[in-house]
Structure formats: C-alpha cells, structure tokens
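Numbers here simply count residues along the sequence, with the first being 1.
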Amino acid sequence: QMQVVETGGGLVQPGGSLLLSCVASGNIFTIYSMGWYRQDSGKQLEFVAAINDDGSTTYVDSVKGRFTISRPHATTTGYLQMTNLKPEDTAVYFCNVDGALAGGAYRRLSSWGQGTQVTVSS
C-alpha cells in the first residue's frame, strides 16, 4: 500500500506564503506523478498543480506565477510553494500520488492524503 501525508497548512495573511509538503510512503517502486487539489467548503474539488516524473508541470490558471510545484528527483516527497496568497486560495489542500508498488505483480495505484487546511485572511 501507499500512504500519503500532507503538512504545512495554516493561517496566513493575504500576500503571505506557505510551503506545503506531501510525503508518500510504503512499498513504492516508482511515482509517476504527484498532484495538488483543493476544496473549499461547499465547493467542488479543484485541480491546482501537478508534476510528472519527467519534471513537467501543470497549473490551474488562477495560481500560475504564484504557486510552484516540485519533487526532487527519485524522492517520494513533493512540495507546493505558495506565494502572494489570496483569500480565494482558502481551502483544504490534498495531495494525490500516482505510482506503482514494488514486489510481486505490477500494481499501479493512486492514493490521496487527508488534506491540510490553508486559510488566507487578515
């Protein structure tokens, strides 16, 4: 199995910054992609950013130029650096990891963390 844990959320003023971390653990053979999603109360889950194993990245338009997703090569930890935060960035942020398990038959799976709350308010 693969476990995913997000940390780094908190309360920040508009214009501030936060660094979210996503740690995947377990019997992992490889990670194909790591993505961040967010959900504010009463709203649908929204894609924020993703990074593939080749280093290519994708962002939703609303965070381009403000958020940066990264994952050091061959590690199971990823980051979402958030700068110039706005009240509309307030949400629970979830990390999704798409990977494959080691040992036995090939098994690919997608795992989610429990989320970390980000609140942007003065």
Side-chain angles (χ1 to χ4, degrees):
Q1 297 298 319
M2 178 165 59
Q3 295 78 41
V4 176
V5 177
E6 308 97 333
T7 58
L11 173 64
V12 63
Q13 293 186 343
S17 300
L18 282 175
L19 176 66
L20 303 185
S21 299
C22 172
V23 177
S25 61
N27 195 22
I28 300 171
F29 172 66
T30 191
I31 291 176
Y32 297 114
S33 67
M34 184 176 284
W36 288 93
Y37 296 75
R38 64 187 179 186
Q39 186 172 31
D40 196 7
S41 57
K43 298 182 180 179
Q44 290 186 330
L45 190 67
E46 177 188 34
F47 168 80
V48 177
I51 184 166
N52 295 317
D53 57 358
D54 64 358
S56 59
T57 58
T58 309
Y59 298 90
V60 67
D61 286 346
S62 62
V63 308
K64 286 180 180 178
R66 300 189 299 122
F67 291 10
T68 303
I69 189 170
S70 63
R71 181 170 75 89
H73 180 66
T75 70
T76 61
T77 300
Y79 304 94
L80 184 68
Q81 176 69 59
M82 306 186 295
T83 63
N84 191 20
L85 282 160
K86 304 175 180 181
E88 52 263 42
D89 294 318
T90 295
V92 178
Y93 283 70
F94 297 91
C95 179
N96 174 261
V97 178
D98 177 19
L101 298 181
Y106 176 80
R107 182 183 173 192
R108 184 167 180 169
L109 77 166
S110 175
S111 296
W112 292 85
Q114 293 298 309
T116 184
Q117 175 70 48
V118 171
T119 302
V120 185
S121 175
S122 55

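In this structure, Y79 shares a hydrophobic cluster with L19, the cluster being traced through Ile, Leu, Val, Met, Phe, Trp and Tyr side chains under 4.5 angstrom apart. Membership of an apolar cluster is not assigned to V5, as no side-chain contact below 4.5 Å to another ILVMFWY residue is traced. Other members of a hydrophobic cluster containing L11 are absent, since no ILVMFWY side chain comes under 4.5 Å of it, directly or through relayed contacts.
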Let me check something: any side-chain donor-acceptor pairs from residues 81-88 under 3.5 Å, sequence neighbours excluded? List them with distances.
| unit_1 | atom_1 | unit_2 | atom_2 | d |
| --- | --- | --- | --- | --- |
| Q81 | NE2 | L18 | O | 3.4 |
| T83 | OG1 | R66 | O | 2.7 |

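A distance of 7.0 Å separates CD1 in I31 from OG1 in T75, rounded to the nearest 0.5 Å. Expressed to the nearest 0.5 Å, how far CG of N27 lies from CD of Q3 amounts to 10.0 Å. The distance from the CG atom of L80 to the CE atom of M34 is 11.5 Å, given to the nearest 0.5 Å. Going from atom CZ of F47 over to atom OH of Y59 covers 9.5 Å, rounded to the nearest 0.5 Å.
When the ring pair (Phe, Tyr, Trp, His ring centres under 6.0 Å) test is applied to F29, no partner is found at least two apart in sequence or on another chain. Applying the side chain to side chain donor-acceptor pair (under 3.5 Å) criterion to T30, with sequence neighbours excluded, gives no partner residue. Shown here are the salt bridge (Lys or Arg N to Asp or Glu O under 4.0 Å) partners of R38, two or more places apart in sequence or in another chain: E46, D89. In terms of the salt bridge (Lys or Arg N to Asp or Glu O under 4.0 Å) criterion, residue partners of D61 (sequence neighbours excluded) are, by chain and number, K64.
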From CA spacing to verdict: side chain to side chain contact (heavy atoms under 4.5 Å, CB included), D53, R71: CA-CA 9 Å; D53 57 358; R71 181 170 75 89; 4.1 Å; yes
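For residues 1-21, the set of pairs meeting the salt bridge (charged side-chain N to carboxylate O under 4.0 Å, His left out) definition, not counting sequence neighbours, is empty. Here disulfide (SG to SG under 2.5 Å) pairs that include residues 90-122, with residues two or more places apart or in two chains, are C22-C95. For residues 99-118, the ring pair (Phe, Tyr, Trp, His ring centres under 6.0 Å) pairs, not counting sequence neighbours, are Y37-W112. Residue pairs that meet the salt bridge (charged side-chain N to carboxylate O under 4.0 Å, His left out) test with at least one member in residues 104-122, sequence neighbours left out, are D98-R108.
Residues V97 and I28 form no side-chain contact, since every pair of their non-hydrogen atoms from C-beta on lies 4.5 Å or further apart. For the pair S110/N96, a side-chain contact is recorded, criterion being any heavy-atom separation below 4.5 Å from C-beta on.
With hydrogens and angles disregarded, a donor-acceptor distance shorter than 3.5 Å links the side chain of T90 to the backbone of V120.
Of all the heavy atoms in S33 and N52, the pair that sits closest is CB-OD1, 3.4 Å.
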